Protein chains: 2
Amino acid sequence: MAKVNKHSEKKSPARHGGRLKSLRLARGLTLEQLSRMAGVSKAMLSQIEQDKVNPTVAVMLKIARAMQLNISDLIDSPSRENIFRIIPASDDHYTFRSDPLCTIRTLSPLSLEKSIEFYHLKLEAGGELQSEPHFPGTEEFLHITRGQMSVASGDQTAEIKKGDSIHYRVDISHTLRNTARGPAEAYMIVRYRGE
Amino acid sequence: MAKVNKHSEKKSPARHGGRLKSLRLARGLTLEQLSRMAGVSKAMLSQIEQDKVNPTVAVMLKIARAMQLNISDLIDSPSRENIFRIIPASDDHYTFRSDPLCTIRTLSPLSLEKSIEFYHLKLEAGGELQSEPHFPGTEEFLHITRGQMSVASGDQTAEIKKGDSIHYRVDISHTLRNTARGPAEAYMIVRYRGE
DNA sequence: TACTAAAGTCTAATATAATAAACAAATGGC
DNA sequence: GCCATTTGTTTATTATATTAGACTTTAGTA
């Protein structure tokens with residue numbers, strides 16, 4: 001009698017509807033107008049606003065384009081949903097370089113919309129890290145927690161040791177060297193100047 | 001013979017697949033791992049990566065959450081798709097206040113992720129605009145193009161006239177007044193200090 | 001009130017997103 | 001080499017997103 005659903009995930013339509021509705025109304029658009037502008041049926045728009053469906057990203061993109069919005073404007077708190085971005089110490093996927101003399105571990109999330117990258121860097125005795133030029137305006141912050149290093153950029157060189165911090169532009173190639181007998185460690189921040 | 005499709009929109013699955021795949025691989029995740037983490041079937045993930053489907057935003061959100069990403073990281077250039085955000089002069093939906101003494105028109109897009117709002121303000125003789133306190137750190141820039149105004153914030157008042165510009169914090173309530181006989185106009189920028 | 005016209009909601013039909021399970025392809029011992 | 005295990009793809013089925021059009025509701029006017 002009762003129909004048995006083979007895979008019965010209960011899909012609860014998310015609630016982005018209010019968002020869309022208020023944005024649409026703020027522009028004084030009717031469902032029909034927006035429907036024509038976006039190429040999405042009036043019915044669909046209505047159902048999205050009522051949270052009766054899980055719309056496709058294709059559809060949401062069409063709507064966003066018509067309203068000259070970023071898609072994330074239409075989706076409920078996409079960034080606020082994840083207040084924390086965690087990188088467990090046990091997760092070694094973030095260790096993107098590990099050879100005998102140099103280990104680099106990323107401490108910031110692998111997002112594409114980032115403007116900041118956070119690293120932990122370990123150089124064994126004799127180790128060095130050579131970097132190609134980054135984008136113009138990019139800058140680096142370095143804080144030494146163990147041993148000592150030299151930073152060479154252009155024709156200048158700076159010596160820093162445990163507890164020291166340094167800040168410099170990295171739009172030309174530069175090199176970090178461990179200048180002590182033992183291992184050296186540091187935290188590094190790379191900041192991209194976005195538009 | 002040939003089945004006639006009543007509504008035969010040719011849905012071409014967008015190409016966000018590569019994005020997801022590279023982000024997944026960057027983390028060293030397999031389809032099955034990600035499948036369990038996100039609660040999305042392995043098959044679906046594979047099809048998304050191959051651009052064979054138009055996934056639902058619900059699904060993309062699950063994936064984004066599992067990867068601790070913003071959904072826009074997974075969607076192809078959502079912001080870059082619209083380089084220009086146009087507000088036609090003829091579009092009066094952006095005029096959000098219009099009474100005999102005061103007209104305000106928004107010149108910046110009605111996005112939610114904004115940190116800047118741009119307005120054109122017109123005060124007739126005797127008109128004034130009282131504003132409630134904004135968030136801490138919010139600031140305002142004003143440039144007068146016609147007539148003259150006074151800006152009162154706290155117990156201080158400033159007089160500015162055509163050609164003048166002014167900058168002030170607006171985390172306490174403040175008032176703009178037209179102090180001349182004729183109309184006054186200005187451009188106004190409100191800047192929110194994000195996070 | 002009744003009569004429009006316009007805006008929004010609902011219904012039935014169809015295309016398709018999402019799934020589980022079977023399949024294929026690569027990987028790693030032994 | 002062979003077998004087992006793991007990873008990615010394809011298939012068949014079910015659930016559902018999307019649509020056109022019918023319906024309802026609202027708003028304005030005489």
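Here is the naming used below: chain letters follow the sequence lines, and residue numbers restart at 1 for every chain. Remember, predicted model here, so these are calculated numbers, not experimental data.
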**Message:** Over the length of the helix from dG8(C)-dC23(D) to dC30(C)-dG1(D), how much do the five-pair end axes diverge, rounded to 10 degrees?
**Reply:**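 That helix has its two terminal axes inclined by roughly 30°.
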**Request:** With sequence neighbours excluded, tell me which residues meet ring pair (Phe, Tyr, Trp, His ring centres under 6.0 Å) with F141(B).
**Result:**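 In terms of ring pair (Phe, Tyr, Trp, His ring centres under 6.0 Å), with neighbours along the sequence ignored, F141(B) is linked to H167(B).
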Using the side-chain heavy atoms of [X], tell me which of these nucleotides is nearest: [options].
{"X": "S41(B)", "options": "dA17(D), dA20(C), dT9(C)", "result": "dA20(C)"}
{"X": "K42(A)", "options": "dT19(C), dT18(D), dA22(D)", "result": "dA22(D)"}
{"X": "S46(B)", "options": "dT10(D), dC10(C), dT18(D)", "result": "dT10(D)"}

**Asked** Are the side chain of R19(B) and the backbone of L74(B) linked by a donor-acceptor contact shorter than 3.5 Å?
**Response**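 Pair absent, no side-chain N/O of R19(B) close to backbone of L74(B).
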**Prompt:** Starting at the 5' end of DNA chain D and moving along, which residue's nearest nucleotide shows up first, Q47(B) or T30(B)?
**Reply:**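 So the residue in question is T30(B).
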**Message:** Check this for me, if you would: do K162(B) and E185(B) make a salt bridge, where the nitrogen-to-carboxylate-oxygen distance has to be below 4.0 angstrom?
**Reply:**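 Judged by the 4.0 Å cut-off on N to carboxylate O distance, K162(B) and E185(B) do not form a salt bridge.
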**Prompt:** Are L23(B) and M37(B) connected in the hydrophobic side-chain network, where two residues link if heavy atoms are under 4.5 Å apart?
**Reply:**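 Yes, one cluster joins them.
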Using whole Å, what does the distance between atom [atom2] of nucleotide [N] and atom [atom1] of [X] come to?
{"X": "N54(B)", "N": "dT14(C)", "atom1": "CG", "atom2": "P", "result": "21 Å"}
{"X": "Q50(A)", "N": "dT18(D)", "atom1": "CD", "atom2": "P", "result": "15 Å"}
{"X": "L29(A)", "N": "dA6(C)", "atom1": "CG", "atom2": "P", "result": "17 Å"}
{"X": "K52(A)", "N": "dT9(C)", "atom1": "NZ", "atom2": "C1'", "result": "7 Å"}
{"X": "M44(A)", "N": "dA7(C)", "atom1": "CE", "atom2": "P", "result": "20 Å"}
{"X": "E32(B)", "N": "dG8(D)", "atom1": "CD", "atom2": "P", "result": "9 Å"}
{"X": "L45(A)", "N": "dG8(C)", "atom1": "CG", "atom2": "C1'", "result": "11 Å"}
{"X": "L31(B)", "N": "dG8(D)", "atom1": "CG", "atom2": "P", "result": "4 Å"}

**Message:** Would you say the ring centers of H143(A) and Y187(A) fall short of 6.0 Å from each other?
**Reply:**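 Here the rings of Y187(A) and H143(A) have centres that are no less than 6.0 Å from each other.
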**Asked** Does the side chain of Q130(B) come under 3.5 Å of the side chain of H174(B) through a donor N or O and an acceptor N or O?
**Response**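 Q130(B) vs H174(B): no donor-acceptor pair found between side chains.
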**Message:** Quick one about T179(B) and Q148(B) (side-chain donor to acceptor, distance below 3.5 Å, no hydrogens or angles considered), yes or no?
**Reply:**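 Result is yes, a qualifying pair exists.
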**Asked** Can you check whether R24(A) has a side-chain N or O nearer than 4.0 Å to OP1 or OP2 of dA7(C)?
**Response**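 No, outside the criterion.
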**Request:** Could you tell me whether the phosphate oxygens of dA17(D), OP1 or OP2, come under 4.0 Å of any side-chain nitrogen or oxygen in T56(B)?
**Result:**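 No, T56(B) has no side-chain N/O under 4.0 Å of OP1/OP2 on dA17(D).
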